[in-house]
Amino acid sequence: AALVLSFLVAQQFRTEQEVRRSLRVTSPQIAELAYRMQHAERIRADLEAEVAFLRRRRVAGRMYRARPAASARPSIMPSRE
């Protein structure tokens with residue numbers, strides 16, 4: 001099992017080196033890109049959580065708010081006076 005694991009690690013290392021050579025991207029640039037992607041992912045997750053919270057709040061507000069009578073609702077049609 002250790003032999004197989006060491007072979008897989010070596011293969012992964014060679015593949016990573018080949019990708020870096022073909023892209024001509026340095027390690028610091030890759031690290032910066034990874035950091036920016038993780039940061040963007042955290043921001044996206046935070047925004048998704050906020051949207052979910054606001055949706056729940058809106059639904060809860062609908063449940064507790066009394067619906068106005070039909071005559072009390074404002075008309076979207078202009079009056080013909």
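All residue numbers in this chain count up from 1 along the given sequence.
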Report the hydrophobic cluster partners of Tyr35, with the cluster defined as I, L, V, M, F, W, Y residues connected by side-chain heavy atoms closer than 4.5 angstrom, directly or transitively.
-> none
Do other residues, nucleotides or ligands put more than 12 heavy atoms under 6.0 Å from the CZ atom of Arg14?
-> yes
For Leu33, what residues pass the side-chain contact (heavy atoms from CB on, under 4.5 Å) criterion, not counting sequence neighbours?
-> Met37
If you round to the nearest 0.5 Å, how far is CZ of Arg55 from CD of Glu50?
-> 12.0 Å
Other residues, nucleotides, ligands: >12 heavy atoms within 6.0 Å of Gln11 CD | yes
Measure the shortest side-chain to side-chain distance between Leu8 and Gln12 over non-hydrogen atoms and say whether it is less than 4.5 angstrom.
-> no
With sequence neighbours excluded, what pairs up with Glu48 under the side chain to side chain donor-acceptor pair (under 3.5 Å) test?
-> Arg44
Among the clusters formed by ILVMFWY side chains lying less than 4.5 Å apart, do Val51 and Leu54 turn up in the same one?
-> no
Could you give the distance from CD (Glu41) to CG (Asp46), rounded to the nearest 0.5 Å?
-> 10.0 Å
